[in-house]
Amino acid sequence: FLDLLLYQEAQKLQIPVYGLEKVEEQLAVFESLSLEHQITWLKGTMKYIDDIPKQLAKIHELYLKRDLIALMQFELNYMRKLFNNNQTLIAHVSQKMFYDRSQIIVKRMEKRLQEGNAFIAVGALHLPGKRGILKLLEKRGYKVSTVY
């Protein structure tokens, strides 16, 4: 995982590392689901478990293309398939997994940004969209630009 690699590099270089989320907060996504929705997610995962390598390859391809909108659309399409097109479940998971967590991440990263000289790594699916990290930072007065 990229986050583990970045963490290990920071440790080697004796650079301080700060977490933007707690494990409990990440798990809260799943705990917030009804038992029925948890079962739907589990059944979908089992039904499409053999597709996971292909799904990860596509995510990797879109990530390398730096196409965040396509990446988010791919994830939403995958959730439609996985959740048997259950719109309530898709909306709930999207809200809890991406939008609520993005709010928390931005709030916690702001201190590091104000300190300056910060390198912040987040999951790519937290970046795009009207409620993604990039827009949330812009709303807080930060200038956001692509560096490549």
Side-chain angles (χ1 to χ4, degrees), residues 1-12 15-113 118-140 142 144-148:
F1 294 101
L2 182 57
D3 50 356
L4 178 59
L5 177 66
L6 293 171
Y7 175 78
Q8 289 169 340
E9 284 300 310
Q11 292 294 318
K12 279 191 239 176
I15 298 171
V17 176
Y18 307 94
L20 297 173
E21 289 186 282
K22 297 174 182 161
V23 172
E24 297 83 11
E25 292 167 335
Q26 293 174 333
L27 292 175
V29 172
F30 305 101
E31 293 171 349
S32 70
L33 296 171
S34 68
L35 184 57
E36 177 187 344
H37 284 162
Q38 290 180 37
I39 291 168
T40 299
W41 195 335
L42 181 60
K43 284 182 178 178
T45 300
M46 296 310 297
K47 182 176 181 179
Y48 298 107
I49 198 158
D50 292 335
D51 292 348
I52 290 175
K54 186 172 73 174
Q55 299 294 331
L56 292 175
K58 183 65 175 179
I59 289 168
H60 187 236
E61 173 191 327
L62 293 172
Y63 177 80
L64 291 176
K65 286 183 179 178
R66 291 167 165 58
D67 192 340
L68 296 177
I69 301 303
L71 190 61
M72 180 59 92
Q73 190 59 51
F74 178 78
E75 180 64 22
L76 288 173
N77 288 335
Y78 184 66
M79 281 197 293
R80 285 184 192 104
K81 181 172 122 173
L82 194 67
F83 300 156
N84 200 26
N85 209 29
N86 182 322
Q87 295 303 309
T88 303
L89 180 54
I90 293 166
H92 181 85
V93 170
S94 295
Q95 182 66 43
K96 295 292 183 184
M97 186 171 289
F98 303 116
Y99 309 127
D100 290 354
R101 289 175 58 214
S102 293
Q103 291 280 349
I104 292 167
I105 289 168
V106 167
K107 183 179 176 186
R108 291 182 182 153
M109 74 168 38
E110 211 161 8
K111 179 180 179 185
R112 303 298 164 211
L113 291 172
F119 175 85
I120 298 172
V122 298
L125 287 171
H126 288 284
L127 297 173
K130 294 177 184 176
R131 297 185 285 169
I133 287 175
L134 300 178
K135 290 293 182 202
L136 293 173
L137 288 171
E138 285 177 346
K139 287 178 186 175
R140 285 177 158 77
Y142 291 94
V144 176
S145 58
T146 302
V147 178
Y148 178 67

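Residue numbers count from 1 along this sequence.
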Approximate separation, where rounding is to 0.5 Å, of L71 CG and K58 NZ: 10.0 Å
Residue F74 excluded, over 12 heavy atoms near CZ under 6.0 Å: yes
Point-to-point distance, once rounded to the nearest 0.5 Å, from CG of L35 to CG of L42: 10.5 Å
Smallest separation among heavy atoms of L68 and A124, with atom names: CD2-O, 4.0 Å
Listed once per pair and sorted, the salt bridge (charged side-chain N to carboxylate O under 4.0 Å, His left out) pairs that draw on residues 71-80, sequence neighbours left out: none
L62 to A70 - nearest heavy-atom pair and separation: CD1-O, 3.8 Å
Rounded distance [0.5 Å steps], CD in E9 versus CG in L4: 10.5 Å
Closest contact, heavy atoms only, R112 versus Y18: NH2-CD2, 3.0 Å
Side chain to side chain donor-acceptor pair (under 3.5 Å) pairs, two or more places apart, involving residues 43-55: D51-K81
Nearest-0.5 Å distance that lies between atom NZ in K107 and atom CD1 in I105: 13.5 Å
From OG1 (T40) to CG (N85), nearest 0.5 Å: 12.0 Å
Smallest separation among heavy atoms of A121 and L20, with atom names: O-CD1, 4.4 Å
Student check: side-chain heavy atoms of H92 and T88 closer than 4.5 Å: no
Those residues that, when tested against F83, pass ring pair (Phe, Tyr, Trp, His ring centres under 6.0 Å) (two or more places apart): W41
Whether N84 side chain and N86 backbone form a donor-acceptor pair below 3.5 Å: no
Set of side-chain contact (heavy atoms from CB on, under 4.5 Å) partners for L113, sequence neighbours left out: M109, I120, L137, Y142
Residue pairs, two or more places apart or on separate chains, that pass salt bridge (charged side-chain N to carboxylate O under 4.0 Å, His left out) and touch residues 22-38: E25-R108
All pairs passing side chain to side chain donor-acceptor pair (under 3.5 Å) where residues 94-105 contributes a residue, at least two apart: E21-R101, Q95-D100, Q95-R131, S102-H126
Within-4.5 Å side-chain heavy-atom neighbours: F119 and L6: yes
Euclidean distance, L127 CG relative to L136 CG, rounded to 0.5 Å: 10.5 Å
